[in-house]
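Contents: one structure, followed by commentary.
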Amino acid sequence: MIVKTFADFDLKQIAASGQCFRLEEAAPGRFNLLASDRYLEILDMSARQDIPGAEPSRTYGFSCTEQEFEEFWSPYFDLSADYGAVKRLVPERDRYLRNAVSFGGGIRILRQDLWETMVTFLISQQNNIPRIRRCVRLLCENYGNTVIDLSGQTHYGFPGPDKLASVSEDELRNCSLGYRAKYIRKTARDVSDGSLCLEAFRHMDYATAREALMSCYGIGIKVADCICLFALHHIEAFPIDTHIRQVLEREYPKGFPVSDYNGCAGILQQYIFYYELFHSAI
DNA sequence: CTGCAGGCGTGCC
DNA sequence: GGCACGCCTGCA
């Protein structure tokens, strides 16, 4: 286990922010995370002091080697980016956004696996977070590789395109995917037979990637933007769901000032999403 | 019982 | 371009 401290990094907030459905707080201060076939345990070692507006700096123990952390997990959590600089772009007069940023200041935009993100956000349409988690869990338990952790516990990786291409639509429906099963099956088959090349997406700019994603069966504007933001790290992507749409109508009737945020408006979208989900509940 | 949750495809204009 | 409508499922 290695121990590290970071500013603007709070896993509790990230786990609740709805960008990753395989990061969960299994017990207070104990997190489990699966990314494809990798498993990571994270232990919150900071004394939790929830001072409103305080710099969210936290210390965590990670169940991996220094090398794995530097090579995989640090980029995954986007730890080398300066989120303080993003927050400072929010002008004092925008009270709403200042509050949102201070409330969810530990959020970062993860760099998740492209295939996994495509499937989980296909599942997310017309769906709610607990049910999305359940669908993803069933998919992994039924078709994913087993991953054994250091204490001998079994976890399940995310099934790859070849595996899901071999599963019938009816079997997929057993994971309570509903009508989304045919979207996932077709996408899996397209990737598996080579007619859809995921590697190509990595070399595209935002507009090109978005358009290419939207040409996939079952992927529309909202899901394409989520994939651009959470997997391809196009931080200018600003996914608008029914929830965010209501906020924009209420707080920004003249439109969200995208141009104030030189290509990183998507990060602000996450602060807003998290703020709307939880601030009234406290 | 209806309505709806982090939409999208289809058919129509 | 815009706008209906249906779609799986679980939960209020």
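The chains referred to below are lettered A, B, ... by the order of the sequence lines, with proteins before strands, and numbering in each begins at 1.
Ion pairing between a basic and an acidic side chain is recognised when a charged N comes within 4.0 Å of a carboxylate O; A:Glu169 and A:Arg173 show such pairing. Between A:Asp78 and A:Arg111, at least one side-chain nitrogen of the basic residue sits less than 4.0 Å from a carboxylate oxygen of the acidic one, meeting the salt-bridge criterion.
Rounding to whole angstrom units, CZ of residue A:Arg245 and P of B:dC4 are separated by 16 Å. Rounded to whole Å, atom P of B:dG6 lies 11 Å from atom CZ of A:Phe278. We find that CG of A:Leu277 is positioned 13 Å from P of B:dA5, with the value rounded to whole Å. In this structure, A:Leu122 places its CG atom 17 Å from P of B:dG6, rounding to the nearest Å. In this structure, the NZ atom of A:Lys222 is 14 Å from the P atom of B:dG9, given to the nearest Å. Atoms CG (A:Leu248) and P (B:dG6) sit 15 Å apart, rounded to a whole Å. Taking atom OH on A:Tyr217 and atom P on B:dG7, their separation rounds to 18 Å, with Å as the unit. Atom CD1 of A:Ile244 is separated from atom P of B:dG7 by 11 Å (rounded to the nearest Å).
Heavy-atom nearest nucleotides on DNA chain B were determined for A:Ala16 and for A:Ile219, and the one closer to the 5' end corresponds to A:Ala16.
A gap of 23 Å separates the P atoms of B:dG9 and C:dG10, to the nearest Å. Spacing of P atoms, C:dA4 relative to B:dG6, comes out at 22 Å, to the nearest Å.
A:Cys226 comes within 4.0 angstrom of a nucleotide base, judged by non-hydrogen atoms across all strands. Residue A:Ile132 is out of contact with every strand shown, counting any heavy-atom pair closer than 4.0 Å. The residue A:Cys175 sits apart from the nucleic acid: no heavy atom pair falls under 4.0 Å. Backbone-only engagement by A:Gly218 is indicated by non-hydrogen atom pairs under 4.0 Å involving sugar-phosphate atoms exclusively.
A donor-acceptor pair shorter than 3.5 Å can be found between the side chains of A:Tyr252 and A:Asp94. Checked by atom type, the side-chain pair A:Ser151/A:Asp149 shows a donor-acceptor distance below 3.5 Å. For the residue pair A:Asp37 and A:Tyr156, no side-chain donor N or O sits within less than 3.5 Å of a side-chain acceptor on the partner.
Nucleotide B:dC13 forms a Watson-Crick or G-U wobble pair with C:dG1, both donor-acceptor distances falling under 3.5 Å. Partner assigned to B:dG3 is C:dC11, using Watson-Crick or G-U wobble distances below 3.5 angstrom.
Close to B:dG7, at under 4.0 Å from its OP1 or OP2, lies a side-chain N or O of A:Thr242.
Test A:Leu34, A:Thr154, A:Leu150, A:Ile148 against A:Tyr39 for side chain to side chain contact (heavy atoms under 4.5 Å, CB included) and you get one pass: A:Leu34. Just one of A:Arg58, A:Lys12, A:Arg30 meets the side-chain hydrogen bond (donor to acceptor under 3.5 Å, both in side chains) condition when paired with A:Asp44; it is A:Arg58.
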Can you build the contact string for nucleotides 5-12 of chain C? Use B for base contact, S for sugar-phosphate-only contact, and - for no protein heavy atom under 4.0 Å.
--BBBS--
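In this structure, A:Gln19 contributes its side chain and A:Arg108 its backbone to a donor-acceptor pair below 3.5 Å.
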